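Given the structure is predicted, the values throughout are model-derived calculations rather than measurements. What's counted below: heavy atoms across the whole structure, side chains too, no hydrogens, waters or symmetry copies. Along the sequence shown, residues carry numbers from 1.
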Amino acid sequence: MKKLKKRVFLGLGVLMAAFILFLVYDYLDNQKKEEQSRAFMEESNNVFINMIF
């Protein structure tokens with residue numbers, strides 16, 4: 001029974017660690033996408049303004 005309890009806690013720990021790593025990866029990926037989107041918007045605004053003037 002003691003071994004089973006140990007395995008269950010170890011399994012839960014591994015699952016929680018994997019979930020946290022996934023959340024961190026997802027957050028960093030979203031930050032990167034937002035930065036690329038913002039840079040694209042700034043660049044397209046500059047091109048548009050330069051076309052007008």
Engineer: Nearest 0.5 Å please: distance from the CD1 atom of I20 over to the CG atom of L15.
Structural biologist: 11.0 Å

Engineer: For residues 16-25, which residue pairs qualify under salt bridge (charged side-chain N to carboxylate O under 4.0 Å, His left out), counting only residues two or more places apart or in two chains?
Structural biologist: none

Engineer: Would you tabulate the side-chain donor-acceptor contacts of residues 24-36 under 3.5 Å, counting partners in other chains and residues two or more places apart, or write 'none'?
Structural biologist:
from : atom 1 : to  : atom 2 : distance (Å)
E35  : OE1    : R38 : NH2    : 2.7
E35  : OE2    : R38 : NH2    : 3.2

Engineer: Nearest 0.5 Å please: distance from the CZ atom of F9 over to the CG atom of L4.
Structural biologist: 10.5 Å

Engineer: CD of E42: more than 12 outside heavy atoms within 6.0 angstrom?
Structural biologist: yes

Engineer: Could you list the cluster mates of V47? Members are the ILVMFWY residues connected by side-chain heavy atoms closer than 4.5 Å, either directly or through other members.
Structural biologist: M51

